[in-house]
Amino acid sequence: MVQLGLVGLGKMGFNMRERLRAAGHEVIGYDRNAEVSDSSSLADLVSKLDGPRIVWIMVPAGGPTRDTVAELGELLSEGDLVIDGGNSKFTDDKRNAEALAAHKIGYLDCGVSGGVWGKDNGYGLMVGGASEDVERAMPVFDALRPEGPREEGFSHAGSVGAGHYAKMIHNGIEYGVMQAFAEGFELLEAAKVVNDVPAVIKGWQRGTVVRSWLLDLLVRALDEDPELDDLEGYVEDSGEGRWTMEEAINNAVPAPVISAALFARFSSRQKDSAAMRAVAALRNQFGGHAVKKVGQ
């Protein structure tokens, strides 16, 4: 049994606490929402943990994570360990690790995949940091990862930053796969020859080369709303797709699928695209193609 402090009890953190507790570990959580929190503050959380401590952070990336790391640096003691399991940019990890190292506190970055289903199915984990810190936290990782061979749900990706870098690339791939399914769905919907689109997509779940968990989730969504017309086609991005493209440019690696998927998300937010108005105007100018006027 391992004792763990968990900071951030949102959709992911709350379920992670429940999975860890079900595995027999003691988890003391802190969240600004007092209804789900086990402690009143970060200081109170630290005071309830026995040394040497392990504290896992699951708060929004950027400023909130950096601020939490800085505060923990002042509260924790030499020999303690901090794990950032949020979606931080990998470049933040070196700064966080150095800040904690000044207090002789260890640091691991952990990319976590699994979403709201992770509580029951387990989480895919990608970790960066020193081997001795990874080994120390392994009981926690083993409780969170899916059942089965460790190497199929957990990886020690490399030094500090490698875990979040691996998760960033994972999410870039995810963008591309989701976009491919989305475009296939739209093509099937547009075709006159296909009468039952949900049946076709459900029929891909076994035996086909595109079967996957994302496909299963699309089938689930279509079961609930066969034409997906209850949803608005507006899609946000968490930032990792953008960071993946930055790395593709920095390393001169062509990534046309991921870039197209990212730009498709941007397109989804345009109710009235100036670019598409310009395309319509040009087609009308050079070819006399019909245009649709505002209000028609």
Side-chain angles (χ1 to χ4, degrees), residues 8 10-13 58-66 86-92 111-118 164-165 167-191 197-198 201 210 212-250 253-285 289-296:
K11 291 179 181 179
M12 289 279 283
M58 288 297 292
V59 302
T65 294
R66 290 192 293 268
N87 284 327
S88 295
K89 191 173 184 179
F90 71 98
T91 50
D92 281 354
V112 180
S113 181
V116 296
W117 301 89
H164 282 143
Y165 195 98
K167 177 57 163 47
M168 175 186 70
I169 301 305
H170 166 281
N171 280 27
I173 294 169
E174 180 184 294
Y175 276 43
V177 175
M178 285 194 290
Q179 186 64 25
F181 279 132
E183 292 173 9
F185 168 75
E186 185 169 356
L187 281 167
L188 288 167
E189 282 273 287
V197 174
I201 294 177
V210 298
S212 68
W213 186 39
L214 284 174
L215 177 63
D216 294 343
L217 294 177
L218 177 57
V219 168
R220 179 185 172 91
L222 290 170
D223 284 343
E224 297 172 355
D225 181 8
E227 296 183 356
L228 302 182
D229 51 9
D230 290 341
L231 302 174
E232 183 179 344
Y234 181 99
V235 185
E236 281 288 1
D237 67 284
S238 61
E240 286 147 312
R242 303 181 191 214
W243 303 338
T244 302
M245 289 314 305
E246 289 176 8
E247 283 301 292
I249 293 167
N250 291 340
V253 173
V257 171
I258 296 173
S259 63
L262 176 61
F263 290 133
R265 294 195 179 194
F266 295 163
S267 296
S268 78
R269 303 168 204 172
Q270 295 182 292
K271 292 184 179 179
D272 184 24
S273 169
M276 291 300 99
R277 293 201 305 272
V279 170
L282 286 168
R283 293 180 75 250
N284 177 254
Q285 290 295 320
H289 299 287
V291 295
K292 184 177 180 179
K293 301 289 186 180
V294 174
Q296 286 183 341

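By convention here, the first residue in the shown sequence is residue 1.
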Practice problem: Using the test salt bridge (Lys or Arg N to Asp or Glu O under 4.0 Å), find all partners of Arg269 that sit at least two apart in sequence or belong to another chain. | Solution: Glu236, Asp237

Practice problem: Can you see which heavy atom on Ile173 is nearest to which on Ile258, and at what distance? | Solution: N-CD1, 4.1 Å

Quiz item: Are there more than 12 heavy atoms of other residues, nucleotides or ligands under 6.0 Å from atom CD of Glu189?
Solution: yes

Self-check item: Shortest non-hydrogen contact between Ala61 and Pro64, atoms and distance
Solution: O-CD, 3.6 Å

Quiz item: Can you name the closest pair of heavy atoms from Asp225 and Asp230 and give their distance?
Solution: OD2-N, 2.9 Å

Exercise. Go through the side-chain N and O atoms of Glu240 and Tyr175 and say whether any donor and acceptor fall under 3.5 Å apart.
Key: no

Quiz item: Do you know which two heavy atoms are closest between Ile201 and Phe185, and how far apart they sit?
Solution: CD1-CD1, 3.9 Å

Quiz item: How long is the gap from CG on Leu217 to CZ on Phe181, to the nearest 0.5 Å?
Solution: 10.0 Å

Quiz item: Going from NZ on Lys167 to OG on Ser113, what distance comes out if it is rounded to the nearest 0.5 angstrom?
Solution: 5.5 Å

Exercise. Answer yes or no: does atom CH2 of Trp117 have more than 12 heavy-atom neighbours from other residues, nucleotides or ligands under 6.0 Å?
Key: no

Quiz item: Short question: side chain of Thr65, backbone of Pro60 - any donor-acceptor pair under 3.5 Å?
Solution: yes

Quiz item: Of all heavy-atom pairs between Gln179 and Ala261, which one has the smallest distance, and what is that distance?
Solution: CB-CB, 3.8 Å

Practice problem: Mind running side chain to side chain contact (heavy atoms under 4.5 Å, CB included) on Met178 and Arg265 for me, showing each step along the way? | Solution: CA-CA 11 Å; Met178 285 194 290; Arg265 294 195 179 194; 2.8 Å; yes

Quiz item: Any side-chain heavy-atom pair from Asn171 and Thr244 closer than 4.5 angstrom?
Solution: no

Quiz item: Do the side chains of Val235 and Phe266 get nearer than 4.5 Å, heavy atoms only?
Solution: no

Self-check item: Heavy-atom pair of closest approach, residues Pro198 and Pro226
Solution: CG-O, 3.6 Å

Quiz item: Hey, does Trp243 have a side-chain heavy atom less than 4.5 Å from the side chain of Thr91?
Solution: no

Self-check item: Test item: His164 side-chain N/O and Gly86 main-chain N/O as donor-acceptor pair under 3.5 Å
Solution: yes

Exercise. With sequence neighbours excluded, tell me which residues meet salt bridge (Lys or Arg N to Asp or Glu O under 4.0 Å) with Glu246.
Key: Lys89

Self-check item: Nearest-0.5 Å distance, OG of residue Ser259 to CZ of residue Arg242
Solution: 14.0 Å

